[in-house]
Q: 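Have a look at this one.
Whatever order the structure lists them in is the order used to number ligands and atoms, beginning at 1.
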Amino acid sequence: MSLSNTQRYTGLIDRYRDRLPVTASTRAISLGEGNTPLIKLENIPRLIGKNVTIYVKYEGLNPTGSFKDRGMTMAVTKAVEEGSKAIICASTGNTSASAAAYAARAGIKAFVLIPEGKIAMGKLAQAMMYGAITLQIRGNFDDGMQLVKEVAAEAPVTIVNSINPFRLQGQKTAAFEIVEELGQAPDYHALPVGNAGNITAHWMGYRESTAPADQQASNRVAYQPETDSFSGLTTGGKLPKMLGYQAAGSAPFLRGGPVADPETLATAIRIGNPQSWHHAQRLMKDCGGWFDELTDAEILDTQRMLAMYEGVFCEPASAASVGGVLRDIKNGKIAEGSVIVCTLTGNGLKDPDTAIQQCKDAVMLQIDATLSQVKDGILSNM
Ligand code: AN7
């Protein structure tokens, strides 16, 4: 017996059709993205001895293992609706994986530009497996982004990077889900920042979800911070302070402008010239949040801590959100009693190399296949 559509979750476009720029007849290209778990950390707050409530929004459980799927379902749905036969993106890995999957689903072509040797193995495997045409460039993400903009003016391809406004429209739904689950926005929402598309999308989502009900049905395409009337600040709805954390070697928002040679082990956020620079600057002023930076060591320590103490495995970039929050709780910038949501943007399985590299001290015994040696292995490690 099959389930009816009202029981079966069929993705975020179906779920939020009235709050997205689609019509009743738009054919959604979906893989069941969204509806990700909001997991309350149980052990880490106790370990740091602070009275705070921290949730992680585990976006690594999306169909291709990152939050990009929220934006990609919208971008590809609209590209197909408009008759496009090919999409293109520059990517540090996750966007290319997601674009490749949704293009496969739609039966169109995906071209992905990735920085040679600088994307995690799982993401490369995904782009290839889903059948994308991969262009490895001898350059970084920012070089790729520039080339994508130029080539889209000369070839019939739709850009699906977050400069495509439909991307942020899809990604804003993560904030809707959080408000629905908590009953209101949290006090703080922390994200890792690369292009600053996702932090912009979340702010947009929080503002829309705290707007009066009659203003929530939005089919606007572009986020217009200057003229946008969806302000929870004026309607009395609670809005979070947004916190954006960058990798220290790749932190243009901390430097006050583009970084020419961004470098970090968290390759997902190895981005020196953020495409949503102005949106992010504006929203930070409006929400009273802040940007900060973490060293690669801090990022990796937090990634391991989440896995070992909470059983949640995210990729390195994602851990920047929790790492930054823990530091700002310890130093008092975030007060005790606060409710905090951290987005874990991507799945830890994306980057097995970096994970194994930092687990050199993990207990791993090489033994004979005998009962006595297995038993010794257990009893000496109890
Ligand atoms: C895991 O895939 O830009 O600030 O090309 O993969 O919205 O850019 C990835 C970005 C955070 C930063 N965490 O989000 C790409 C790409 C993970 C990511 C970010 C990315 P934005």
Q: For Ser84, give me all partners under side chain to side chain contact (heavy atoms under 4.5 Å, CB included), at least two apart in sequence or on another chain.
A: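 Testing Ser84 for side chain to side chain contact (heavy atoms under 4.5 Å, CB included), a comparison that skips the adjacent residues, returns Ala79, Thr158.
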
Q: Pair up each side-chain donor or acceptor in residues 43-55 with any protein partner under 3.5 Å, not counting sequence neighbours, and list the distances.
A:
unit_1 : atom_1 : unit_2 : atom_2 : d
Asn43  : OD1    : Arg46  : NH2    : 2.7
Asn43  : ND2    : Tyr309 : O      : 2.6

Q: Is a salt bridge present between Glu33 and Arg15, judged by a nitrogen-to-oxygen distance below 4.0 Å?
A: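 Salt bridge between Glu33 and Arg15, a charged N being under 4.0 Å from a carboxylate O: no.
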
Q: Among residues at least two apart in sequence or on other chains, which ones pass ring-ring contact (aromatic ring centres under 6.0 Å, His included) with Phe111?
A: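 Phe111 satisfies ring-ring contact (aromatic ring centres under 6.0 Å, His included) with no other residue.
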
Q: Could you check whether Glu59 pairs with Arg70 (Lys NZ or Arg NE/NH1/NH2 to Asp/Glu carboxylate O, under 4.0 Å)?
A: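 Salt bridge: yes.
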
Q: List, pair by pair, the atoms of ligand 1 and of the protein that are both N or O and lie under 3.5 Å apart, giving the separation rounded to 0.1 Å.
A:
unit_1   : atom_1 : unit_2 : atom_2 : d
ligand 1 : 2 (O)  : Ser91  : OG     : 3.1
ligand 1 : 2 (O)  : Thr92  : OG1    : 3.4
ligand 1 : 2 (O)  : Asn94  : N      : 3.2
ligand 1 : 2 (O)  : Thr95  : N      : 2.8
ligand 1 : 2 (O)  : Thr95  : OG1    : 2.9
ligand 1 : 3 (O)  : Lys68  : NZ     : 3.4
ligand 1 : 4 (O)  : Gly194 : N      : 2.8
ligand 1 : 4 (O)  : Asn195 : N      : 3.3
ligand 1 : 4 (O)  : Ala196 : N      : 2.8
ligand 1 : 5 (O)  : Ser91  : OG     : 3.0
ligand 1 : 5 (O)  : Thr92  : N      : 2.8
ligand 1 : 5 (O)  : Thr92  : OG1    : 3.4
ligand 1 : 5 (O)  : Thr95  : OG1    : 3.3
ligand 1 : 6 (O)  : Asn94  : ND2    : 2.7
ligand 1 : 7 (O)  : Gly197 : N      : 3.2
ligand 1 : 7 (O)  : Asn198 : N      : 2.8
ligand 1 : 8 (O)  : Asn195 : N      : 2.8
ligand 1 : 13 (N) : Thr345 : OG1    : 2.7

Q: Once rounded to the nearest 0.5 Å, what's the spacing between atom CG of Leu283 and atom CE of Met242?
A: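 Separation between the atoms: 6.5 Å.
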
